[in-house]
Amino acid sequence: MKNILFAAAFALLAGCTSGSRTPIATETLKSPDGNLEMRFELTEGGAPRYSLDYKGKSTILPSGLGFEFRGEKPQLVFGAEIEKGKDGTPVQFHEGFVMENAERGTFDETWEPVWGEESEIRNHYNELAVTLRQTASDRVMTIRFRLYNDGLGFRYEFPEQKNLQYFVITNELTQFAMAGDHKAFWIPGDYDTQEYDYVESRLSEIRGLMQQAITPNSSQTPFSATGVQTSLQMKTDDGLYINIHEAALEDYSCMHLDLDDRNMVFTSHLTPDVNGYMAYMQTPCHTPWRTVQVSDDAREILSSRLVLNLNDPCAYEDVSWIRPVKYVGVWWEMITGKSSWAYADINSVKLGETDYSKLQPNGIHGANNENVRRYIDFAAEHGFDQVLVEGWNEGWEDWFGFTKDYVFDFVTPYPDFDIKALNDYAHSKGVRLMMHHETSSSVRNYERHLDAAYDLMNKYGYNSVKSGYVGDIIPRGEHHYGQWMVNHYLHALKKAADHKIMVNAHEAVRPTGLCRTYPNLIGNESARGTEYQAFGGTKPHHVTILPFTRLNGGPMDYTPGIFMMDVEKLNPNNKSHVNSTLCNQMALYMTLYSPLQMAADLPEHYEAYMDAFQFIKDVAVDWSESRYLLAEPGDYVVVARKAKESGLWFVGGVTDENRRTLEFPLDFLEKDRTYTAKIYADAADTDYQTNPQAYTIYTKDVTSEDTLSIDCARGGGFAISFE
Ligand code: NOJ
Ligand code: CA
């Protein structure tokens, strides 16, 4: 159902005089609804600037655009040939420009995602592309701006040209100048982890809070005292919600933001490679989109599809093999320390011994035949599609912490994991196993084994893989969010598509909407997931911030559904506590959208709360419509969604560490019909710290005229299914 209304682009000249170049130029662009206005100008010195207003309020003050490239100087190669090499004077590519032309256009289409929060997405924007020539170097660059009703996207494009062919970016100088000392929901800028707890503070407080934001004893290393990650959510004193992120990150390094906290100006901070370079380019090429979403209604940030819209349409012709997945797994028991990924007793491991049957088993290996069968039975009985099994393959005895290159081969099962029999057993019950590829960040080792690893999956009928990148990257010196790794993640994803395999990559670079183009990317972790509830706990407000930040670029494999909050019950040596109520856990299936949802707890913990577990069994994972009913970052989120297949409505809501009553209208329901709402809510005495597992379930007849009012405990939430 495409409705393309593409308006012809027309060349317009800068500054108004026909055909001539002029040192000072101004162009403005409005969003289709007129609420947003972007102003582009070239200063007297030929430096490009842009600014953005929302309903007449300054959102981005005049901000710089441009780059610094590696300087090149002639070098001797093999004693004779002359080649251009590094270390010359850096090239400044942010001033001295004249405007060559400005092209405008309008675009309006509706597209259908393979899976998503809705079955149709409107992509409607006005565009301005300014082409600039740096006179001294005789090099050109186009800056393309797309202004939507929900925000701005812009990127730099470098056409093929004589004076710019190969170049190395040493700095991207994109600025986002804030109009005030806004409140921000941030995590420290880091090249290798995103798994931080969020901090809610004024921009001016980031510097003082940075050290506290780092988990004690961790290897997390923020790159500066004011550097933060995107997607960054902010709120101004007069109630504007501003979000900065990027879209379509391909063949470039991931952008962080460095804050000049005297002037409240963010500057892009790219992830460097081992040599300190940010991106290796060859024209024609372009950067990812830089995005600024803005609204005076927080719910519109959550329903914004700007990041997806800035990505290319689906690259695959056949997508019939891509489908949402609800799964359980042999996982939480390892995370809590109840069982292990490793098979052998570490003391029995002899250097050079490769025959695992000669090693002493440690007695707590989770991925053993009997235990996996137990999960398969549970999945089949309760209607789950898949069973993730981690620790199925050799290598876990010393997988992590030694920067070891050849850890896993991704094809050799441990002696107590019968890969054929278990897959056959699962298939006989209508369930599939989910593959696990922990790379331990030895990425070149993974790439060497990738074909064989995917072939093995095809052979045994796996159609999805959870991959992981724990530890320092090999090639040594590369970072998780650098260009080299960005290219690796996409390589693994495209290759998986050749094998009709869906991918859920943990520790990979934060998503930027690439799932539109490559919809077999059904999940990513790329933030602090449920596992941290077993590593000391996570703050309750976390789940009210993730939808505004991490989820902006694509779905998260958060792995909700923990019903036993006392981790000590699983492992007496683990004193961690899950900082959430049982109903908050259920609500996450709604509030943290993903086409890939896990019921992460152990079968016995669900068996103890079968009436509550019913919601996790019932809730859909693919939607035709989503309505954000209430939202405030750091405080609460309530969303209603209509299941794509059954047409049934579900609602979920979460609060932060404060008890609160959430009241919302049911006007999304069909008029003149009576529905029975089954409400799973915190009980009067529920509290995430002292009484997290208490809940109440009741039904209520409702119509679209009604308003529901539900009390949430501290760290609580609710879930509702409508019939
Ligand atoms: C970290 C992942 O986030 C977690 O889900 C996984 O179990 C471990 N790595 C081991 O691969
Ligand atoms: Ca992780």
Side-chain angles (χ1 to χ4, degrees), residues 113 115-120 299 302-303 323-327 382-385 543-544 546-547 551 555-556 558-561 563 580-600 606 609-631 636-655 662-671 673-682 695-704 706-710 712 716-723:
W115 41 259
E117 294 188 67
E118 48 268 309
S119 46
E120 288 187 341
R299 296 173 301 179
L302 300 182
S303 54
R323 56 186 79 98
V325 174
K326 212 195 263 190
Y327 73 107
H382 298 292
F384 288 84
D385 306 304
V543 294
T544 70
L546 285 176
L551 266 55
M556 176 170 179
Y558 186 77
T559 70
F563 277 14
S580 164
T581 71
L582 195 140
C583 285
N584 177 278
Q585 289 290 309
M586 292 198 273
L588 300 178
Y589 292 88
M590 299 299 301
T591 58
L592 299 179
Y593 164 70
S594 177
L596 176 75
Q597 288 284 16
M598 184 180 201
Y606 291 131
Y609 300 100
M610 265 314 178
D611 56 350
F613 184 54
Q614 188 62 42
F615 180 81
I616 299 180
K617 291 172 64 170
D618 292 343
V619 70
V621 279
D622 201 14
W623 311 97
S624 60
E625 238 182 291
S626 292
R627 304 270 187 89
Y628 286 91
L629 306 178
L630 301 172
Y636 51 84
V637 171
V638 178
V639 64
R641 302 189 197 273
K642 189 178 185 183
K644 209 182 254 177
E645 221 167 87
S646 67
L648 295 175
W649 281 95
F650 295 84
V651 171
V654 289
T655 177
L662 294 171
E663 195 177 308
F664 49 91
L666 302 179
D667 53 6
F668 53 87
L669 294 173
E670 225 177 275
K671 307 262 165 292
R673 273 185 75 176
T674 303
Y675 293 79
T676 303
K678 187 171 178 190
I679 303 168
Y680 305 74
D682 296 324
Y695 60 90
T696 150
I697 302 175
Y698 56 97
T699 58
K700 199 174 176 181
D701 283 348
V702 294
T703 71
S704 61
D706 290 324
T707 292
L708 275 185
S709 170
I710 300 184
C712 297
F718 63 87
I720 310 174
S721 57
F722 291 87
E723 266 170 41

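Excluded from the calculations below are hydrogen atoms, water molecules and symmetry mates; all remaining heavy atoms, backbone and side chain alike, are included. This is a predicted model, so every value here is computed, not measured.
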Could you tell me which non-hydrogen atom of Q597 sits nearest to which non-hydrogen atom of L588, and how far apart they are? NE2-O, 4.1 Å
How many angstroms lie between OH in Y636 and OG1 in T544, if you round to the nearest 0.5 Å? 10.5 Å
Under 3.5 Å, is there a donor-acceptor pair between the side chain of K326 and the main chain of A599? no
Taking the side chain as every heavy atom from C-beta outward, state whether E663 and T707 have any pair of such atoms under 4.5 Å apart. yes
Given side chains that start at C-beta, do those of F563 and I616 come closer than 4.5 Å, heavy atoms only? yes
Side chain to side chain contact (heavy atoms under 4.5 Å, CB included) with E670: which residues, sequence neighbours excluded? R673, Y675
More than 12 foreign heavy atoms under 6.0 Å from NZ of K700: is that the case here? no
Could you tell me if T581 and D682 have a donor-acceptor pair between their side chains, going purely by distance under 3.5 Å? yes
Check whether any side-chain heavy atom of C712 lies under 4.5 Å from a side-chain heavy atom of L662, and answer yes or no. yes
Hey, are D667 and S704 close enough side-chain-wise for a donor-acceptor pair under 3.5 Å? no
CE on M598 to OH on Y558, rounded to 0.5 Å: 13.5 Å
Nearest non-hydrogen partners of G653 and A587, listed with the distance: O-CB, 3.2 Å
Test applied, side chain to side chain contact (heavy atoms under 4.5 Å, CB included); reference residue, L708; option that passes from I720, V638, V651, L629: I720
Enumerate the side-chain hydrogen bond (donor to acceptor under 3.5 Å, both in side chains) contacts for residues 638-648, please, sequence neighbours excluded, ordered by first and then second residue. E117-R641, D622-K644, S626-R641, Y628-R641
Hey, what do you get for OG (S721) to CE (M586), rounding to the nearest 0.5 Å? 10.0 Å
How close do P324 and W115 get, heavy atom to heavy atom, and via which atoms? CG-CB, 4.1 Å
On the 0 to 90° scale, with breaks at 30° and 60°, tag the F718-F664 ring pair as parallel, tilted or perpendicular. parallel
Would you compute the distance between atom CD1 of I679 and atom SG of C583 and round it to the nearest 0.5 angstrom? 11.0 Å
With a 4.5 Å cut-off on side-chain heavy atoms, are F650 and Y589 touching? no
Any non-hydrogen side-chain atom of P547 less than 4.5 Å from a side-chain atom of L592? yes
Let me confirm one number: the CE-CH2 distance from M590 to W623, rounded to the nearest 0.5 Å. 4.0 Å
The reported gap from CG in L666 to CZ in R627 (rounded to nearest 0.5 angstrom) is 11.5 Å
Pair E723, T699 - check side-chain contact (heavy atoms from CB on, under 4.5 Å), show working. CA-CA 10 Å; E723 266 170 41; T699 58; over 6 Å; no
Is the shortest side-chain heavy-atom distance between K678 and F615 below 4.5 Å? no
Kindly indicate whether the side chain of V543, heavy atoms from C-beta on, has any atom under 4.5 Å from the side chain of T591. no
Check the orientation of F722 and F668. Use parallel for under 30°, tilted for 30 to 60°, and perpendicular for over 60°. perpendicular
Taking the side chain as everything from C-beta on, heavy atoms only, tell me whether H382 gets closer than 4.5 Å to Y606. no
Compare every heavy atom of T559 with every heavy atom of Y327, then report the nearest pair and how far apart it is. OH-CG2, 3.9 Å
If you take all heavy atoms of S119 and P113, which pair is closest and at what distance? O-CD, 3.4 Å
